[in-house]
Number of protein chains: 2
Amino acid sequence: MLQKRNFFCNFVAEMIEILKSRNIRITDFRLVVLDILARHKTAISMEQIEEELGDFDRITLYRTIKTFIEKGVVHEILMPGNVKKLALCDDGCQDEHHHEHLHFQCNSCNEIYCVDIPRFPKVNLPGFKIDRMEIQAFGTCQQCLS
Amino acid sequence: MLQKRNFFCNFVAEMIEILKSRNIRITDFRLVVLDILARHKTAISMEQIEEELGDFDRITLYRTIKTFIEKGVVHEILMPGNVKKLALCDDGCQDEHHHEHLHFQCNSCNEIYCVDIPRFPKVNLPGFKIDRMEIQAFGTCQQCLS
DNA sequence: TCATTTATGCAATAGTGTTGCAAATATAAT
DNA sequence: ATTATATTTGCAACACTATTGCATAAATGA
């Protein structure tokens, strides 16, 4: 099944590098899934990945995503209403998921953008020792505004 | 089944008031679910509610929670790792869910606290019009620190 | 090329959430 | 209090999401 896809060879090199750096074995399936994730600027759902895979094995996909999440290749975004999406991590989060970033959901197109913001706000909360923060934001994206 | 539970009558009066103010019909089932939520200081999962209900109907519980969420009685908290919890809303969010609050998950005890913070940080994100924000914070809570 | 480790694909199963419908209950009006 | 109406409940069935065990296949390192 995997031979069907057209690979952009330059991307493949990068993706192999990503997997190697995280000690994940290089397999066709993983490269295809990584490729799909890399082609999207916004976070995508399991369903979208399944559609783009076409002929595939759901169980292997679940295991692939699980591995990617554990090894810091991908992170999971949960939004109200049982919305679960996936996005590639940026280089920052090698071993652990150390995102201090923002997930923006557009109320109009429903796309979820994973945005890095330069100055992450600091919050001082008496009684709690905060190690890490994430922000979920809701509103309208550029495309839908114009 | 519902007669089994012991109600604190003074709480019942408050809970009936909550339901009435949101135009939700008063039923035993809803009062019991509300009671369970009110007794917890931290957010609780569907599973926890099911356990505390004991003898109950799963479908009715799902519908009850759905109604509570729609009418602004309860809000849903989503955390990494497929963690989904529920917590009572405070009085602020009558019709729509206008929480500008923070969800804190303790890495040690895993409890999720729903905290209102006085000065909610503002984020300016070029290309996005932000209407509403939520913060997810991770760290250690008071109990686990001492 | 071979030995070892890890990944894949299939079957079965568990968990999570929804829909349709008849009976039961809550509310509002009499 | 009683009735009429609208809503909720509980059951059965079902759809979707995710996991486990195991034999086969493939990837890595020697």
Side-chain angles (χ1 to χ4, degrees), chain A residues 1-5 12-13 15-36 43-51 53-71 73-74 76-86, chain B residues 1-5 7 12-13 15-36 44-51 53-71 73-74 76-86:
Chain A
M1 74 144 289
L2 294 164
Q3 288 72 6
K4 288 190 212 157
R5 287 191 63 87
V12 170
M15 293 188 294
I16 287 177
E17 209 41 58
I18 291 173
L19 295 181
K20 275 192 177 168
S21 72
R22 261 88 167 186
N23 268 315
I24 304 172
R25 287 199 176 185
I26 319 298
T27 68
D28 288 353
F29 196 100
R30 286 170 178 167
L31 287 175
V32 175
V33 175
L34 209 49
D35 181 60
I36 291 172
I44 56 176
S45 65
M46 225 41 177
E47 207 184 344
Q48 282 178 274
I49 299 176
E50 289 182 21
E51 277 169 21
L53 278 170
D55 183 15
F56 75 105
D57 180 68
R58 272 166 44 83
I59 293 111
T60 306
L61 176 57
Y62 277 111
R63 281 195 274 227
T64 300
I65 295 298
K66 201 174 186 181
T67 303
F68 283 179
I69 291 173
E70 281 167 7
K71 299 295 176 77
V73 176
V74 156
E76 190 176 40
I77 300 164
L78 300 158
M79 290 290 187
N82 280 333
V83 176
K84 180 189 260 184
K85 299 224 174 179
L86 301 159
Chain B
M1 84 155 276
L2 293 164
Q3 288 71 7
K4 289 188 211 156
R5 289 191 63 87
F7 273 94
V12 170
M15 294 188 293
I16 287 177
E17 211 40 58
I18 292 173
L19 295 181
K20 274 192 179 168
S21 71
R22 262 88 167 186
N23 267 314
I24 304 173
R25 287 199 176 188
I26 320 299
T27 68
D28 287 354
F29 196 100
R30 287 172 178 166
L31 287 174
V32 175
V33 174
L34 210 49
D35 181 61
I36 291 172
I44 55 175
S45 64
M46 223 42 177
E47 207 185 343
Q48 282 178 275
I49 299 176
E50 290 182 21
E51 277 170 21
L53 277 170
D55 183 14
F56 76 107
D57 179 68
R58 269 167 39 81
I59 293 109
T60 306
L61 177 57
Y62 277 110
R63 282 194 274 225
T64 300
I65 295 299
K66 203 174 184 180
T67 303
F68 283 179
I69 291 173
E70 283 168 4
K71 299 294 176 78
V73 176
V74 155
E76 190 177 39
I77 300 165
L78 301 157
M79 290 291 189
N82 280 334
V83 176
K84 180 190 260 183
K85 300 223 174 179
L86 301 159

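As the structure is a prediction and not an experimental result, all values here were calculated from the model. Worth knowing before you read on, the calculation uses all heavy atoms, side chains too, and leaves out hydrogens, waters and symmetry mates.
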For this session: Kindly calculate the angle separating the two end axes of the helix from C:dT1-D:dA30 to C:dT30-D:dA1, each obtained from five base pairs, and round it to 10 degrees.
Result: 50°
How many Å lie between [atom1] on [X] and [atom2] on [N], as a whole number?
{"X": "B:D57", "N": "C:dC21", "atom1": "CG", "atom2": "C1'", "result": "14 Å"}
{"X": "B:E51", "N": "C:dG15", "atom1": "CD", "atom2": "P", "result": "13 Å"}
{"X": "A:R30", "N": "D:dA25", "atom1": "CZ", "atom2": "C1'", "result": "14 Å"}
{"X": "B:L61", "N": "C:dG15", "atom1": "CG", "atom2": "P", "result": "17 Å"}
{"X": "A:L86", "N": "D:dT17", "atom1": "CG", "atom2": "C1'", "result": "13 Å"}
{"X": "A:N23", "N": "C:dA7", "atom1": "CG", "atom2": "C1'", "result": "15 Å"}
{"X": "B:I65", "N": "D:dT8", "atom1": "CD1", "atom2": "C1'", "result": "15 Å"}
{"X": "B:E50", "N": "D:dG10", "atom1": "CD", "atom2": "P", "result": "14 Å"}

Results of side-chain contact (heavy atoms from CB on, under 4.5 Å) for [X] - residues two or more places apart only:
{"X": "B:E51", "value": "B:E47"}
{"X": "B:R25", "value": "B:R30"}
{"X": "B:K84", "value": "A:N82, B:E76, B:L78"}

Pick out the pairs of N or O atoms, protein on one side and nucleotides 16-20 of chain C on the other, that lie under 3.5 Å.
unit_1 : atom_1 : unit_2 : atom_2 : d
C:dG17 : OP1    : B:K84  : NZ     : 2.9
C:dG17 : OP2    : B:Y62  : OH     : 3.0
C:dG17 : N7     : B:R58  : NH2    : 2.8

Taking all non-hydrogen atoms of both residues into account, name the closest pair between [X] and [Y] and its distance.
{"X": "A:P80", "Y": "A:V83", "answer": "O-CG2, 3.6 Å"}
{"X": "B:I36", "Y": "B:I49", "answer": "CD1-O, 4.1 Å"}
{"X": "A:L61", "Y": "A:F56", "answer": "CD2-CE1, 4.3 Å"}

Does [X] reach the side chain of [Y], with side-chain heavy atoms less than 4.5 Å apart?
{"X": "A:E50", "Y": "A:L53", "value": "no"}
{"X": "B:L19", "Y": "B:F68", "value": "yes"}
{"X": "A:M46", "Y": "A:R58", "value": "no"}
{"X": "B:I69", "Y": "B:I65", "value": "yes"}

Problem set entry | From B:T67, B:V74, B:T64, residue fulfilling side-chain contact (heavy atoms from CB on, under 4.5 Å) relative to B:V33 | B:T64
Which protein N or O atoms sit under 3.5 Å from an N or O of nucleotides 25-30 of chain C?
unit_1 : atom_1 : unit_2 : atom_2 : d
C:dA26 : O3'    : B:I26  : O      : 3.3
C:dA26 : N3     : B:R25  : NH1    : 3.1
C:dT27 : OP1    : B:I26  : N      : 2.8

